[in-house]
K.L.:
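Pasting in a structure now, in structure tokens, and then I'll have a few things to ask.
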Amino acid sequence: MITRMSSLFVRTLRDAPADAEVPSHRLLVRAGYVRRIAPGVFSWLPLGYMVYRNVERIVRAEMDKAGFQEVHFPALLPREPYESTGRWTEYGDNLFRLQDRKGGDYLLGPTHEEMFTLMVKGEYSSHKDLPLVIYQIQTKFRDEARPRAGILRGREFVMKDSYSFDVDDAGLRASYLRHRDAYVSTFDRLGLEYVIVSATSGAMGGSASEEFLAPTESGEDTYVRCTACDFAANVEAMVTPVPPVSDASGVPAAHVEQTPDTPTIASLVEVSNARADLRRPDRDWSAEDTLKNVVFMLTDVDGGRRPLAIGLPGDRDVDIKRLEAAVQPATVEPFEESDFTRHRELVKGYIGPGALGETGTSGIKYLLDPRVVAGTRWITGANTAGQHVYDLVAGRDFSADGVIDVAEVREGDACGLCGAPVTLARGIEIGHIFQLGRKYAEALGLKVQAENGELVTVTMGSYGIGVSRAVAAIAEQHVDDKGLVWPREVAPADVHIVATGKADEPFEFAETLCEELDSRGVRVILDDRRGVSPGVKFNDSELIGVPTIVIVGRGLVDGLIEVKDRATGERVDIPVASITDYLVDLVQG
RNA sequence: CGGGGCGUAGCGUAGUGGCUAGCGCGCCUGCUUUGGGAGCAGGAGACCGGGAGUUCGAAUCUCCCCGCCCCGACCA
């Protein structure tokens with residue numbers, strides 16, 4: 001295929017729009033790949049659409065290779081199936097809803113578990129039909145509260161979503177692993193650097209789950225990686241190791257102290273160190289010695305509200321994302337002034353274990369951070385304004401209703417598997433695979449007859465790749481100060497030929513070369529613009545980011561063509577006689 | 001939805017009450033130029049986000065609305 005710059009529908013921009021911040025967004029706009037239409041909604045221009053289609057083609061090829069079968073659903077869907085699974089309401093404001101002329105409710109599909117489940121239910125009824133994997137590449141709609149970063153997070157985007165159907169858990173695990181393998185080859189082929197991390201299953205429900213994250217500054221997900229073993233997890237799925245029970249035999253009995261005006265951890269530590277009667281003989285108190293008790297208000301799917309108290313070391317905050325992941329599908333809000341007035345037994349700034357717990361005075365469920373093991377010694381609130389308890393020992397002086405691992409994760413925290421320090425990094429979620437289980441099959445009645453004749457509920461897996469997002473993720477990982485640097489297979493062309501000079505010869509030669517390459521299956525962009533200065537063409541070629549740039553210009557009189565590698569900047573002069581073969585080898589070899 | 005910032009031509013921007021809203025890029029015409037975003041000359045392009053108000057006079061001041069971007073709570 002030949003793309004001629006003289007007639008290509010594109011206009012490159014010297015300046016990026018002021019509102020574009022992340023590199024992929026700035027460059028995709030500058031190079032004339034995409035244009036914004038509405039918040040989180042983008043159009044693809046010819047160059048962008050070429051890249052998009054390449055990514056889609058690779059994803060499709062890898063799915064087909066894995067033996068998955070492609071189907072296609074509408075984006076416009078009726079309400080009923082989503083009503084059956086509760087997601088019509090559960091999805092909340094993120095769902096684009098609309099009505100037809102008769103007032104019937106419809107939605108624009110945010111994901112298609114329901115439709116796939118029903119499709120299989122409509123066709124199959126025997127265990128002999130399974131396992132089955134079907135997929136589609138579809139435009140999805142989610143009315144995101146905050147679209148951002150260009151096509152990295154849009155409200156309309158393209159996703160490849162597949163679903164596996166198995167009779168039993170062993171089958172589900174096998175289908176899951178087949179997908180994992182297929183995703184590995186897909187992302188390798190797309191030229192993406194990625195890590196596979198343990199994840200929580202989010203709003204979809206289900207158990208085992210992993211995410212494919214493309215490490216990038218502009219990524220939205222934070223993940224931890226162990227410096228010693230191969231543990232990697234989304235922070236939401238981080239597991240804090242439980243320290244051994246500590247010996248508290250030497251700790252004096254708990255005692256309440258007057259500590260006026262110490263409603264914060266910082267003030268409490270300061271006062272405790274400043275006063276001789278409170279000072280610790282061996283060392284200064286630090287925030288880690290205090291037990292902070294934070295209260296949240298949870299809202300269940302049915303609208304019911306219940307408070308939840310969490311006790312954790314005072315130097316840590318609760319990570320709301322981790323908390324939501326731990327209590328989902330319930331949603332979390334901070335405890336507000338009005339909630340405190342309703343719970344008089346909770347003294348803001350001085351809440352202690354004494355008032356908490358299902359059997360305590362408040363009756364509020366109380367969960368502890370894993371670090372608060374039996375035998376640990378704490379300073380904590382005494383449930384009276386201006387008073388704290390010292391030498392309160394977990395297990396000896398107080399207990400809770402259970403453990404919850406939702407404290408913020410920090411660089412250097414201990415790995416849940418081996419105990420070595422972990423590092424934190426950010427990444428773009430480009431793929432997510434998980435074992436859904438029977439949630440949807442149950443809700444929609446997808447059963448098959450087993451060998452013994454009994455009806456069994458099918459177990460499902462759900463697997464997604466953000467196709468349009470992958471374009472942005474690839475761009476994000478393949479840029480330099482001059483522009484985009486596409487991996488060959490997704491690039492809009494294999495070579496970008498720039499003809500320069502005033503004379504006709506370079507242009508005529510470039511045209512011939514271009515046709516020869518085209519006839520041998522090389523995709524080429526030809527900059528055949530006359531009267532455009534060489535600097536403009538060089539800059540455009542670098543901005544557009546095709547992997548190989550060929551310059552036909554002043555070297556031609558000596559029989560030489562310059563070939564430049566976009567990524568490394570290396571240049572070589574190739575004799576005219578062998579240039580076609582050289583390029584074909586470069587591209588196809 | 002909470003916090004912060006911003007709306008002037010396709011893009012980047014100047015303009016804190018005073019004449020016909022200025023500049024760069026890009027675009028059109030002509031001549032020159034042709035290996036790193038060329039030069040000269042001449043052009044086209046703006047309901048200054050919208051509405052109301054204050055004023056002799058508003059891009060500029062006031063109020064309301066709308067939109068956008070960034071950071072947080074959701075997700076491919």
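Below, chain A is the first sequence line, B the second, and so on; all start at residue 1. This structure is a prediction, so every number in the text was calculated from the model and none was measured.
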K.L.:
B/rG36 base to A/Lys564 side chain: any donor-acceptor pair below 3.5 Å?
P.N.:
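Answer is yes: a donor-acceptor pair is held.
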
K.L.:
Once hydrogens and angles are ignored, does a donor-acceptor distance under 3.5 Å link the base of B/rG37 to the side chain of A/Arg30?
P.N.:
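Result: at least one qualifying N/O pair found.
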
K.L.:
Checking A/Arg97 against A/Trp88: charged group under 6.0 Å from the ring centre and within 45 degrees of the axis?
P.N.:
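So A/Arg97 does make the cation-pi contact.
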
K.L.:
Does any nucleotide pair with B/rG7 by Watson-Crick or G-U wobble geometry, both distances under 3.5 Å, and what is it?
P.N.:
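Check on B/rG7: paired to B/rC66, both distances under 3.5 Å.
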
K.L.:
Classify the nucleic acid contact of A/Ala18 as base, sugar-phosphate or nothing, counting any heavy atom under 4.0 Å across all strands shown.
P.N.:
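Here A/Ala18 touches the backbone only, sparing every base.
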
K.L.:
Base, sugar-phosphate, or nothing: which does A/Glu562 touch, judged by heavy atoms less than 4.0 Å apart?
P.N.:
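If one applies the 4.0 Å heavy-atom cut-off, A/Glu562 turns out to touch a base.
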
K.L.:
Contact class for A/Arg153 vs. all strands (heavy atom < 4.0 Å): base, sugar-phosphate, or nothing?
P.N.:
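Base contact.
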
K.L.:
How many Å lie between CZ on A/Arg142 and C1' on B/rC75, as a whole number?
P.N.:
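These atoms are roughly 6 Å apart.
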
K.L.:
If you look at every strand shown and take non-hydrogen atoms under 4.0 Å, does A/Gly553 touch a base, only sugar-phosphate, or nothing?
P.N.:
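Base contact - A/Gly553 has a heavy atom under 4.0 Å of at least one base atom.
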
K.L.:
Does A/Glu542 make a side-chain donor-acceptor contact with the base of B/rG37, cut-off 3.5 Å?
P.N.:
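There is none.
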
K.L.:
Determine the interatomic distance between P on B/rC66 and the same-named atom on B/rA9; round to the nearest Å.
P.N.:
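Approximately 22 Å lies between the P atom of B/rC66 and that of B/rA9.
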
K.L.:
Please state whether the rings of A/Phe212 and A/Phe187 are parallel, tilted or perpendicular, taking 30° and 60° as the class boundaries.
P.N.:
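The arrangement is tilted - the two ring planes meet at 30° to 60°.
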
K.L.:
For B/rA76, is there a stacking contact with A/Phe157, counting only centres under 5.5 Å and planes under 30°?
P.N.:
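Stacking between A/Phe157 and B/rA76: present.
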
K.L.:
Does the plane of the ring in A/Tyr52 sit parallel, tilted or perpendicular to the ring in A/Tyr49? Use 30° and 60° as the thresholds.
P.N.:
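Ring orientation of A/Tyr52 relative to A/Tyr49: parallel.
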
K.L.:
Mind checking if A/Arg155 touches a base, just sugar-phosphate, or nothing, with heavy atoms under 4.0 Å?
P.N.:
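Contact class for A/Arg155: none.
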
K.L.:
In Å, rounded to the nearest 0.5 Å, how long is the span from CG of A/Leu213 to CZ of A/Arg225?
P.N.:
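One finds 10.0 Å between CG of A/Leu213 and CZ of A/Arg225.
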
K.L.:
Cation-pi check for A/Phe141 against A/Arg155: NZ or CZ below 6.0 Å from the six-membered ring centre and within 45 degrees of the axis, yes or no?
P.N.:
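Here A/Arg155 fails the 6.0 Å and 45° test against A/Phe141.
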
K.L.:
Give A/Gly555 one of three labels, base, sugar-phosphate or nothing, depending on what nucleic acid heavy atoms sit under 4.0 Å from its own.
P.N.:
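A/Gly555: base contact, heavy atoms under 4.0 Å.
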
K.L.:
Find the distance A/Glu56:CD to B/rA76:C1' and express it as a whole number of Å.
P.N.:
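Going from CD in A/Glu56 over to C1' in B/rA76 covers 15 Å.
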
